[in-house]
**Q** 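Take a look at the following structure, please.
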Amino acid sequence: MDHNSLALPVGTTLDRFIMRKQEDFPYATGELSQLLRDIALATKIVNREINRSGLIDIAGAYGNRNVQGEDQQKLDVVANIRFIRALRNGGEVCTIVSEEDEEVIQTGNNQGKYVVAMDPLDGSSNIDVNVSIGTIFSIYRRISATGTVGNDQDCLQPGTLQVAAGYVIYGSSTMLVYTTGNGVNGFTYEPSLGEFFLSHPNITIPATGTVYSINEGSANSFSEGLNAFIAHCKDQNYSARYIGSLVADFHRNLLKGGIYIYPPTKKAPSGKLRLLYECNPLAFIVEQAGGKSSNGRQRTMEIEPTGLHDRCPLFIGSKELVEKAEEFLAAEYSDASAVNS
């Protein structure tokens, strides 16, 4: 037997990849690299808790509601604590925005240069039925003076100013996908070694696809333009694929092509998803992969946030599909304007 086959390389670890890519940042001094490692560490801990949740009684509802008015799951609380603790102990982050907390979280690291907005555990209502869930994060440079306490304005920056963003999907395997503005790369967790390895280099979303992801159970609350787009998808024999877990639906479409839609409805005229820690980070990723994201009329990352938990409609995925959806919505707006005039 060829002795080389007995010791094949295991691949590039996340830590090594981050160090190699540090030169992509002209002003980098190592803080962002350390911050990404802190997030990866928290991810490993949360992954462990998810995998044993049914055995140690941390599945199910926690009994409280978060700032969104949503029932918290026990793992929502666990993930929030783990990520906050990792970011606080890492020392690079001055302020955190979390889906689970109404106000900004001060880490006490006033010298920290970065702000993190995060959804610690997206899709947590799917925990008890063993459906894929995830974590979403966005990283900004602070705009307040270093050495002072961070504030809301550090967090209320448009998505165009993100320096990094990513998500983790906890599924049949655990993957961390992130961008720092130089393409998108995915890493798969190898639990026996406790390391993330580069498994999906330079991810590029197909320009179009044959999948649309939307909760059609709310179709009676959709606009005429959106329903016309859905009818168009059906006419093209596209497949409807909707898991009900944002990260899982987005991840599938990122790799295979498609469009994910969470539109405005009569019940939620601004949509349901949060701009800072759901829409913006995924928009950054999809654009870096060659796709597109908008609220149906405006580029997602150009929307100016006014509050920590602003909501935003989301049309995201393959560029041609998003643009086709925007065409149907634009026609609707034009018809409405003509009627009003």
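Everything quoted here is computed from the prediction, not taken from an experiment. Residue numbers count from 1 along this sequence.
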**Q** Find out whether Leu314 and Phe250 are in side-chain contact, i.e. whether some heavy atom of one side chain is under 4.5 Å from a heavy atom of the other.
**A**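 No, too far: nothing below the 4.5 Å cut-off.
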**Q** Same cluster or not: are Ile96 and Val115 linked, directly or through other Ile, Leu, Val, Met, Phe, Trp or Tyr residues, by side-chain heavy atoms under 4.5 angstrom apart?
**A**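 Hydrophobic grouping puts Ile96 apart from Val115.
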**Q** Gly166 and Ile285: which non-hydrogen atoms are nearest, and at how many Å?
**A**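 Shortest heavy-atom separation between Gly166 and Ile285 comes out as CA-CD1, 3.6 Å.
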**Q** When you look at CD of Glu224, are more than 12 heavy atoms from neighbouring residues, nucleotides or ligands closer to it than 6.0 Å?
**A**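 No, because the 6.0 Å sphere around CD of Glu224 holds 12 heavy atoms or fewer from other groups.
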**Q** Under 4.5 Å between any side-chain heavy atoms of Leu329 and Ser223, yes or no?
**A**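 Yes; the side chains approach each other to less than 4.5 Å.
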**Q** Is Leu254 linked to Met301 within one hydrophobic cluster, defined over Ile, Leu, Val, Met, Phe, Trp and Tyr using a side-chain heavy-atom separation of less than 4.5 Å?
**A**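 No, because Leu254 and Met301 fall into different hydrophobic clusters, even though each may have its own neighbours under 4.5 Å.
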**Q** Under a 4.5 Å cut-off applied to non-hydrogen side-chain atoms, are Arg48 and Ile45 in contact?
**A**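 Heavy-atom side-chain distance check passes, below 4.5 Å.
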**Q** To the closest 0.5 Å, what do you measure between CG (Asp310) and OG (Ser270)?
**A**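 One gets 8.5 Å once the value is rounded to the nearest 0.5 Å.
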**Q** Checking side-chain contact (heavy atoms from CB on, under 4.5 Å) against Leu121, which of Val77, Ile136, Asp76, Val168 comes through?
**A**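 Among Val77, Ile136, Asp76, Val168, the one meeting side-chain contact (heavy atoms from CB on, under 4.5 Å) with Leu121 is Asp76.
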**Q** Would you find a donor on one side and an acceptor on the other, under 3.5 Å apart, between the side chain of Glu278 and the backbone of Arg274?
**A**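 Yes: the side chain of Glu278 pairs with the backbone of Arg274.
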**Q** Without swapping roles, check the side chain of Ser218 against the backbone of Ser221 for a donor-acceptor pair under 3.5 Å.
**A**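 Absent.
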**Q** At their closest point, which heavy atom of Pro120 faces which heavy atom of Asn80, and how far apart are they?
**A**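 Closest heavy-atom pair between Pro120 and Asn80: CG-OD1, 3.4 Å.
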**Q** Can you classify the ring geometry of Phe196 versus Tyr189 as parallel (below 30°), tilted (30 to 60°) or perpendicular (above 60°)?
**A**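 It falls in the tilted class, 30° to 60°.
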**Q** Can you find a heavy atom in the side chain of Thr95 that is under 4.5 Å from one in the side chain of Asn151?
**A**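 No, their side chains stay 4.5 Å or more apart.
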**Q** Which atom names give the shortest non-hydrogen contact between Asp154 and Ile143, and what distance separates them?
**A**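 Where Asp154 meets Ile143 most closely, the heavy atoms are OD1-N, 2.8 Å.
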**Q** Are the side chain of Asn51 and the backbone N or O of Asn47 linked by a donor-acceptor pair below 3.5 Å?
**A**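 Yes; judged by distance alone, with no hydrogens or angles, the pair exists.
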**Q** Assigning hydrophobic clusters by single linkage (Ile, Leu, Val, Met, Phe, Trp, Tyr; side-chain heavy-atom cutoff under 4.5 Å), is Leu273 placed with Leu156?
**A**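 The answer is no; the residues belong to distinct hydrophobic clusters.
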**Q** If you group Ile, Leu, Val, Met, Phe, Trp and Tyr by side-chain heavy-atom gaps below 4.5 Å, do Ile39 and Val163 land in one group?
**A**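 Ile39 and Val163: one cluster.
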**Q** Stepwise, does the side-chain contact (heavy atoms from CB on, under 4.5 Å) test hold for Lys113 with Glu92?
**A** CA-CA 6 Å; Lys113 296 180 180 179; Glu92 313 302 338; over 6 Å; no
**Q** Treating Ile, Leu, Val, Met, Phe, Trp and Tyr as nodes and any side-chain heavy-atom pair under 4.5 angstrom as an edge, say whether Val247 and Leu75 lie in one connected cluster.
**A**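 The answer is no; the residues belong to distinct hydrophobic clusters.
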**Q** Anything under 30° is parallel, anything over 60° is perpendicular, the rest tilted; go ahead and classify His309 against Tyr277.
**A**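 Rings of His309 and Tyr277: perpendicular, over 60°.
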**Q** Quick check for you: to the nearest 0.5 Å, what is the distance between Cys312 atom SG and Ile303 atom CD1?
**A**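 If we round to the nearest 0.5 Å, Cys312:SG and Ile303:CD1 are 3.5 Å apart.
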**Q** Which residue, Phe197, Phe17, Tyr167, forms the ring pair (Phe, Tyr, Trp, His ring centres under 6.0 Å) with Phe187?
**A**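 So the option named by the test is Phe17.
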**Q** Closest approach of Thr180 and Phe284, non-hydrogen atoms and distance?
**A**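 Closest pair (atom of Thr180, atom of Phe284, distance): C-CZ, 4.3 Å.
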**Q** Counting only heavy atoms not in Asn89 (residues, nucleotides, ligands), do more than 12 fall under 6.0 Å from its CG?
**A**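 Counting other residues, nucleotides and ligands, CG of Asn89 exceeds 12 neighbours.
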**Q** Asp15 and salt bridge (Lys or Arg N to Asp or Glu O under 4.0 Å): which single residue from Arg37, Lys21, Arg20 fits?
**A**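 Of Arg37, Lys21, Arg20, salt bridge (Lys or Arg N to Asp or Glu O under 4.0 Å) with Asp15 is met by Arg37 alone.
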**Q** Report yes if the side chains of Arg252 and Val211 come closer than 4.5 Å at any heavy-atom pair, otherwise no.
**A**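 They are in contact (side-chain heavy atoms under 4.5 Å apart), so the answer is yes.
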**Q** Please answer whether the main-chain N or O of Gln111 pairs with a side-chain N or O of Arg142 as donor and acceptor at a distance below 3.5 Å.
**A**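 Such a contact is absent between Arg142 side chain and Gln111 backbone.
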**Q** Take Ile261 and Phe315 through the test side-chain contact (heavy atoms from CB on, under 4.5 Å) and record every step on the way to the result.
**A** CA-CA 5 Å; Ile261 302 173; Phe315 295 75; 3.5 Å; yes
**Q** For the residue pair Gly290 and Ile205, what are the closest heavy atoms and their distance?
**A**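 For Gly290 and Ile205, the tightest heavy-atom pair comes out as C-CG2, 3.8 Å.
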**Q** Within a strict 4.5 Å, meaning less than it, do heavy atoms of the Val286 and Val322 side chains meet?
**A**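 Contact flag for Val286/Val322 side chains = no.
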**Q** Locate the shortest heavy-atom distance separating Ser318 from Gly257; write the atom from each residue and the value.
**A**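 Looks like OG-CA, 3.4 Å.
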**Q** In Å and rounded to the nearest 0.5 Å, what is the OG1 to CD1 distance from Thr300 to Ile316?
**A**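 One finds 6.5 Å between OG1 of Thr300 and CD1 of Ile316.
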**Q** One pair to check against side-chain contact (heavy atoms from CB on, under 4.5 Å): Ser132 and His251. What are the steps and the verdict?
**A** CA-CA 11 Å; Ser132 295; His251 181 71; over 6 Å; no
**Q** Would the distance check show the side chain of Gln298 and the main-chain N or O of Asn295 forming a donor-acceptor pair, the cut-off being under 3.5 Å?
**A**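 Answer holds: no.
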**Q** Calculate, to the nearest 0.5 Å, the distance between atoms CG and CG belonging to Asp152 and Leu308 respectively.
**A**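 Reported to 0.5 Å precision, the distance equals 4.5 Å.
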**Q** Does Asp249 form a salt bridge (charged side-chain N to carboxylate O under 4.0 Å, His left out) with Arg241? I'd like the steps, not just the answer.
**A** CA-CA 8 Å; Asp249 280 310; Arg241 296 286 184 268; over 6 Å; no
**Q** Are Asn110 and Cys94 packed together at the side-chain level, in the sense that at least one heavy-atom pair is separated by less than 4.5 angstrom?
**A**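 Side chain of Asn110 against side chain of Cys94, heavy atoms only: no contact under 4.5 Å found.
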**Q** For side-chain contact (heavy atoms from CB on, under 4.5 Å), just list the numbers for Tyr242 and Tyr212, CA-CA rounded to whole Å, side-chain angles, deciding distance to a tenth of an Å, and then say yes or no.
**A** CA-CA 8 Å; Tyr242 187 72; Tyr212 67 100; over 6 Å; no
**Q** Evaluate the side-chain hydrogen bond (donor to acceptor under 3.5 Å, both in side chains) criterion for residues Ser138 and Asn280: first the C-alpha distance (whole Å), next the side-chain angles of each, then the deciding distance (0.1 Å), finally the verdict.
**A** CA-CA 8 Å; Ser138 178; Asn280 271 339; over 6 Å; no
**Q** Just by modelled atom types, is the Gly194 backbone N or O under 3.5 Å from a matching donor or acceptor in the Lys44 side chain?
**A**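 It does hold such a pair.
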**Q** Where the side chain of Gln157 meets the backbone of Arg141, is there a donor-acceptor pair that is under 3.5 Å apart?
**A**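 Flag set: sc Gln157 to bb Arg141 pair under 3.5 Å.
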**Q** Does either side chain, that of Glu190 or that of Ser192, offer a donor lying less than 3.5 Å from an acceptor on the other one?
**A**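 The criterion, which ignores hydrogens and geometry beyond distance, is satisfied for Ser192 and Glu190.
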**Q** CD1 of Ile259 to CZ of Phe229: how many Å apart, nearest 0.5 Å?
**A**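 Interatomic distance, Ile259 CD1 to Phe229 CZ, rounded to 0.5 Å: 4.5 Å.
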**Q** Is any side-chain heavy atom of Leu35 closer than 4.5 Å to a side-chain heavy atom of Leu87?
**A**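 A side-chain contact under 4.5 Å exists here.
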**Q** Would you say the side-chain atoms of Asp122 pair up with the backbone N or O of Thr135, donor to acceptor, closer than 3.5 Å?
**A**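 Flag not set: sc Asp122 to bb Thr135 has no pair under 3.5 Å.
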**Q** Closer than 3.5 angstrom, by distance alone: can the side chain of Thr107 be matched with the main-chain N or O of Val93 as a donor-acceptor pair?
**A**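 Answer holds: yes.
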**Q** Within the side chain of Ser294, is there an N or O that forms a donor-acceptor pair under 3.5 Å with the backbone of Arg299?
**A**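 Answer holds: no.
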**Q** What's the spacing between Tyr170 OH and Ile50 CD1 if we round to 0.5 Å?
**A**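 Interatomic distance, Tyr170 OH to Ile50 CD1, rounded to 0.5 Å: 5.0 Å.
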